Chemist: 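Here you go, one structure.
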Amino acid sequence: TQLLEQSPQFLSIQEGENLTVYCNSSSVFSSLQWYRQEPGEGPVLLVTVVTGGEVKKLKRLTFQFGDARKDSSLHITAAQPGDTGLYLCAGAKSYIPTFGRGTSLIVHP
Amino acid sequence: ETGVTQTPRHLVMGMTNKKSLKCEQHLGHNAMYWYKQSAKKPLELMFVYSLEERVENNSVPSRFSPECPNSSHLFLHLHTLQPEDSALYLCASSQDFTGELFFGEGSRLTVL
């Protein structure tokens with residue numbers, strides 16, 4: 001059983017559209033991270049959320065941590081081709097982060 | 001210098017070869033990690049080192065042998081690998097196990 005479930009698995013949209021991806025778990029996390037990974041590269045840290053209900057914004061990206069600290073969402077407004085990549089969430093229970101399978105996003109010009 | 005550097009970026013080896021992957025971090029972090037990334041699977045944690053001591057070994061076969069000579073360098077020694085070991089091997093570092101990982105670009109390994 002996977003600890004972190006991400007949905008959708010794949011997303012193909014046009015430039016300018018909005019989208020939301022989800023990261024869900026039955027476990028409580030002390031913190032949760034979102035990463036973006038481009039083909040042939042390592043994941044790059046986007047944000048960390050720590051407090052239940054927390055909302056963080058990074059330009060057109062909005063991250064939310066669930067009140068119970070079991071789930072999170074990433075919303076992208078007016079997606080651009082540069083947003084294309086694999087979006088990974090990771091939860092830290094003790095000190096070792098566990099990753100979801102990721103959401104593969106393609107934004108077409 | 002980029003934060004975390006991995007070499008080589010690509011490696012092709014036979015099942016009887018011995019090779020090593022190298023990772024160097026320039027961030028002053030005190031923890032380093034090896035992850036394996038295969039198609040359609042989550043990143044799998046392999047090893048964690050804190051201050052040069054191994055603190056996690058996630059049931060990895062003995063054909064993978066890690067080495068951490070100091071807090072800036074991490075190696076993964078490979079021998080008698082199997083084709084199913086072909087994957088992207090990612091090195092990462094962190095400070096004080098905050099959960100925030102800084103990854104290298106990865107070493108793409110192909111085992112023939």
Side-chain angles (χ1 to χ4, degrees), chain A residues 1-10 21-52 54 56 58 63 65 69-70 72 85-104, chain B residues 2-10 21 23-25 27 29-51 53-60 74 87-110:
Chain A
T1 302
Q2 191 178 338
L3 194 59
L4 280 163
E5 297 282 348
Q6 289 192 244
S7 62
Q9 199 172 347
F10 300 100
V21 298
Y22 300 93
C23 176
N24 295 299
S25 175
S26 57
S27 299
V28 176
F29 295 105
S30 55
S31 69
L32 191 142
Q33 285 75 34
W34 284 94
Y35 297 81
R36 180 169 65 219
Q37 184 178 20
E38 298 185 19
E41 305 292 329
V44 175
L45 179 66
L46 296 175
V47 78
T48 293
V49 286
V50 177
T51 306
E54 182 177 3
K56 280 192 173 178
L58 186 66
F63 304 86
F65 201 14
R69 290 187 290 134
K70 293 182 179 181
S72 182
L86 178 68
Y87 288 81
L88 296 161
C89 67
K93 290 187 72 177
S94 53
Y95 56 88
I96 303 297
T98 302
F99 284 80
R101 281 200 175 93
T103 293
S104 181
Chain B
T2 55
V4 180
T5 304
Q6 289 188 241
T7 55
R9 292 292 311 276
H10 300 274
L21 307 180
C23 177
E24 183 174 2
Q25 60 100 357
L27 301 169
H29 289 166
N30 55 14
M32 295 187 77
Y33 309 71
W34 279 116
Y35 278 88
K36 176 184 178 183
Q37 188 175 34
S38 306
K40 300 182 181 179
K41 283 187 173 183
L43 268 72
E44 299 172 63
L45 178 68
M46 299 177 74
F47 303 103
V48 182
Y49 276 81
S50 173
L51 297 170
E53 280 195 43
R54 191 188 310 178
V55 297
E56 186 82 14
N57 177 349
N58 203 23
S59 302
V60 178
L74 187 63
L88 182 68
Y89 288 84
L90 290 161
C91 173
S93 69
S94 73
Q95 182 63 27
D96 296 336
F97 294 119
T98 60
E100 298 183 335
L101 301 183
F102 292 81
F103 285 90
E105 293 178 316
S107 293
R108 171 68 64 184
L109 173 66
T110 302

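Because the structure is predicted, anything quoted here is derived from the model rather than measured. All values below were derived from every heavy atom in this structure, side-chain atoms included, with hydrogens, water molecules and symmetry-related copies excluded. Chain letters run A, B, ... following the sequence lines, proteins first, then strands; residues in each count from 1.
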Chemist: Relative to chain B, which segment of L88(A) carries a heavy atom at a distance below 4.5 Å: side chain, backbone, both, or neither?
Modeler: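 The side chain, not the backbone.
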Chemist: Against chain B, label L46(A) side chain, backbone, both or neither, depending on which of its atoms sit under 4.5 Å from a heavy atom there.
Modeler: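 Answer is neither: L46(A) stays 4.5 Å or more from chain B.
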Chemist: If we define contacts as heavy-atom pairs under 4.5 Å, which of R108(B), Q6(B), R9(B) has the most with chain A?
Modeler: R9(B)
Chemist: Is it the backbone or the side chain of Q9(A) that comes under 4.5 Å from a heavy atom of chain B, or both, or neither?
Modeler: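 For Q9(A), no heavy atom lies under 4.5 Å from chain B.
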Chemist: Please classify the contact of T98(B) with chain A as side chain, backbone, both or neither, using a heavy-atom distance under 4.5 Å.
Modeler: backbone
Chemist: Do the non-hydrogen side-chain atoms of Y35(A) and L43(B) ever get within less than 4.5 Å of each other?
Modeler: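 Of all side-chain heavy-atom pairs linking L43(B) with Y35(A), none is under 4.5 Å.
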Chemist: Do L101(B) and P97(A) have side-chain heavy atoms sitting under 4.5 Å apart?
Modeler: yes
Chemist: For E41(A), is it the side chain, the backbone, both or neither that has a heavy atom under 4.5 Å from a heavy atom of chain B?
Modeler: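 The answer is both parts of E41(A).
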Chemist: Among P43(A), G42(A), S30(A), who wins on heavy-atom pairs under 4.5 Å with chain B?
Modeler: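 Heavy-atom pairs under 4.5 Å are most numerous for P43(A).
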Chemist: Taking side chain as everything from C-beta outward and backbone as N, CA, C, O, which of these in E44(B) sits under 4.5 Å from a heavy atom of chain A? Side chain, backbone, both or neither.
Modeler: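 It is neither, since no heavy atom gets under 4.5 Å.
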